2 protein chains.
Amino acid sequence: MSGTAPSHAATGTDPALACPVAPVVDLVFSRWTTPILWTLHAHGRQRFVTLERRITGITPKVLTQRLRQLERDGLVVRTYHPEVPPRVEYEISELGRSLAPLFAHLAAWGEGHLDRVEQARLAYDADQAR
Amino acid sequence: MSGTAPSHAATGTDPALACPVAPVVDLVFSRWTTPILWTLHAHGRQRFVTLERRITGITPKVLTQRLRQLERDGLVVRTYHPEVPPRVEYEISELGRSLAPLFAHLAAWGEGHLDRVEQARLAYDADQAR
DNA sequence: CCGGATCCTAAAAGATACTG
DNA sequence: CAGTATCTTTTAGGATCCGG
């Protein structure tokens, strides 16, 4: 129950009822869930520490929280191996894998358009300074 | 300069250096930017009040903030008509329009997979209750 | 009509320390 | 190793009032 979700839906307020993209955003596009899913997709099944090392700046607390949420949402599968020392592995689920083309498109869009965004910002700021 | 951006990049901390999707998320996937872009895309050029009415629950302050950010990022074009009373219209820019297929894919994914997410949650919670 | 200014809350995230 | 516990900070967003 302590698995704090970043979900807006959980608050009761429904942001834009008419926007079908909102629930998906709520599910996979928050500060850390996206990098987590990306890393899991890029490197396959891996353990907690590995994830922690690969995702720069994340703290174990947040990593646990987001991982739990993703597991609950069925996007990630957690496997616990009762050994000493304990070993836990995470991997993308089948459902999670269905997001892959989406992520690829997003990354591609960034590749192609992010520099134009940067130019727009410079132009806006320059215009604002006058 | 007071246009508070939700950007994490602006804070200086770089979440996941290796995740190319993160900057795009930062740009268009926050609680209100997504519905705003969607509404603008769905209904074309429209004025502030119209936007405010169509996006359920948004406050004028937040609408202004996000609109400013989107304008600065070059995704939205703001047109001011010096009349009495003043009239301001917003529309998606060419750059913003390039996001359309992405949004369509996101919406389609939601259509097809959101119910499975819901089932996963129910299963997880049921299992947790034991 | 289109916001700007101000104050405030709620929730996510960060820091740090500590266990089975 | 894989987390948990606790505390503090940050910030998106909400509420309200005011002005050109």
Side-chain angles (χ1 to χ4, degrees), chain A residues 1-16 22 25-36 45-71 76 78-90 128, chain B residues 1-16 22 25-36 46-71 76 78-90:
Chain A
M1 236 125 282
S2 51
T4 312
S7 163
H8 312 121
T11 67
T13 54
D14 220 333
V25 171
D26 223 44
L27 196 68
V28 295
F29 298 132
S30 80
R31 173 155 199 199
W32 295 112
T33 55
T34 308
I36 288 172
R45 177 188 314 176
Q46 54 200 294
R47 34 203 315 192
F48 191 88
V49 267
T50 311
L51 236 16
E52 195 179 354
R53 262 195 306 266
R54 282 182 173 142
I55 303 171
T56 315
I58 200 169
T59 61
K61 190 195 87 174
V62 173
L63 181 55
T64 302
Q65 283 180 350
R66 297 285 76 100
L67 243 16
R68 286 275 188 282
Q69 179 200 347
L70 288 168
E71 189 195 359
V76 158
R78 176 183 186 268
T79 313
Y80 174 77
H81 302 91
E83 306 168 1
V84 219
R87 185 164 57 95
V88 179
E89 291 185 313
Y90 293 90
Q128 216 66 5
Chain B
M1 235 114 293
S2 53
T4 312
S7 163
H8 311 121
T11 67
T13 56
D14 220 333
V25 170
D26 222 46
L27 196 69
V28 294
F29 297 132
S30 80
R31 172 151 199 204
W32 294 111
T33 54
T34 308
I36 289 172
Q46 53 200 296
R47 34 203 314 195
F48 190 88
V49 264
T50 311
L51 234 18
E52 195 179 355
R53 263 195 306 266
R54 282 183 173 140
I55 303 172
T56 315
I58 200 169
T59 62
K61 189 195 91 173
V62 173
L63 182 54
T64 302
Q65 281 181 354
R66 297 283 78 97
L67 243 17
R68 286 277 186 280
Q69 180 201 346
L70 289 169
E71 188 195 359
V76 158
R78 177 181 186 267
T79 314
Y80 175 75
H81 301 92
E83 306 168 0
V84 221
R87 186 164 57 95
V88 179
E89 290 185 314
Y90 294 91

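Keep in mind that this is a model prediction, so the values were computed, not measured. Residue numbers begin at 1 in each chain, while the letters A, B, ... track the order of the sequences.
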Handout entry: Among C:dA13, D:dA15, D:dA2, the one nearest A:S30 by side-chain distance
Key = C:dA13

Problem - Distance, nearest 0.5 Å, that separates CG of A:L51 from CZ of A:R66 - result: 13.5 Å

Problem - Test side-chain contact (heavy atoms from CB on, under 4.5 Å) applied to B:T59 - qualifying residues, sequence neighbours left out - result: B:K61, B:V62

Exercise for the section: Taking side-chain contact (heavy atoms from CB on, under 4.5 Å) as the test, write out the residues that go with B:R87, two or more places apart. Expected result: B:R47, B:H81, B:E83, B:E89

Exercise for the section: Specify the separation, in whole Å, of atom CD1 of A:I58 and atom C1' of D:dG3. Expected result: 13 Å

Problem - DNA chain C contacts made by residues 79-87 of chain B, counting heavy atoms under 4.0 Å - result: B:P85, B:P86

Practice task
Identify the residue among B:V28, B:V25, B:D26 that makes a side-chain contact (heavy atoms from CB on, under 4.5 Å) with A:F29.
Solution key: B:V25

Exercise for the section: Give a yes/no answer on whether the side chain of B:R53 brings an N or O atom under 4.0 Å of OP1 or OP2 in C:dC1. Expected result: no

Exercise for the section: Look at the side-chain N and O atoms of A:Y90 and state whether any lies under 4.0 Å from the OP1 or OP2 oxygen of D:dG3. Expected result: yes

Problem - Any residue meeting side chain to side chain donor-acceptor pair (under 3.5 Å) with A:R53, in chain and number order, not counting sequence neighbours - result: none

Problem - Whole-Å gap separating P (C:dA12) and CG (A:L67) - result: 16 Å

Fill in the blank from the handout: Separation of C:dT16 atom C1' from A:L63 atom CG, nearest Å, is 17 Å

Fill in the blank from the handout: Quick note, B:P60 side chain, CB onward, closest among D:dG3, C:dG3, C:dA13 is C:dG3

Handout entry: Per B:T59 side chain, nearest of listed nucleotides D:dG14, C:dG4, D:dT4
Key = D:dG14

Handout entry: Rounded distance in Å - CZ (A:R47) to C1' (D:dG3)
Key = 13 Å

Handout entry: Spacing of A:I55 atom CD1 relative to D:dA2 atom P, expressed in whole Å
Key = 14 Å

Fill in the blank from the handout: note: A:E52, atom CD; D:dG3, atom P; distance rounded to Å ~ 10 Å

Problem - Counterpart residues, side chain to side chain donor-acceptor pair (under 3.5 Å), relative to B:E71 (two or more places apart) - result: none

Handout entry: B:T64: side-chain contact (heavy atoms from CB on, under 4.5 Å) partners, not counting sequence neighbours
Key = B:F48, B:R68

Practice task
Using whole Å, report how far CG of A:D26 lies from P of D:dG13.
Solution key: 11 Å

Exercise for the section: Identify, between A:K61 and A:E89, the residue whose nearest nucleotide on DNA chain D lies closer to the 5' end. Expected result: A:E89

Practice task
Ignoring the backbone of B:V49, work out which of C:dA13, C:dC1, C:dG3 is nearest its side chain.
Solution key: C:dC1

Practice task
Report the distance from atom CZ of A:F48 to atom P of C:dT19, rounded to the nearest whole Å.
Solution key: 18 Å

Exercise for the section: Could you tell me whether the phosphate oxygens of C:dA13, OP1 or OP2, come under 4.0 Å of any side-chain nitrogen or oxygen in A:R66? Expected result: yes

Practice task
Return no unless some side-chain N or O of B:R68 is found under 4.0 Å from OP1 or OP2 of C:dG4.
Solution key: yes

Problem - Separation between CD1 of B:I36 and CZ of B:R54, rounded to the nearest 0.5 Å - result: 13.5 Å

Fill in the blank from the handout: Winner on side-chain proximity to A:R31, out of C:dG3, C:dA13, D:dG13, is C:dA13

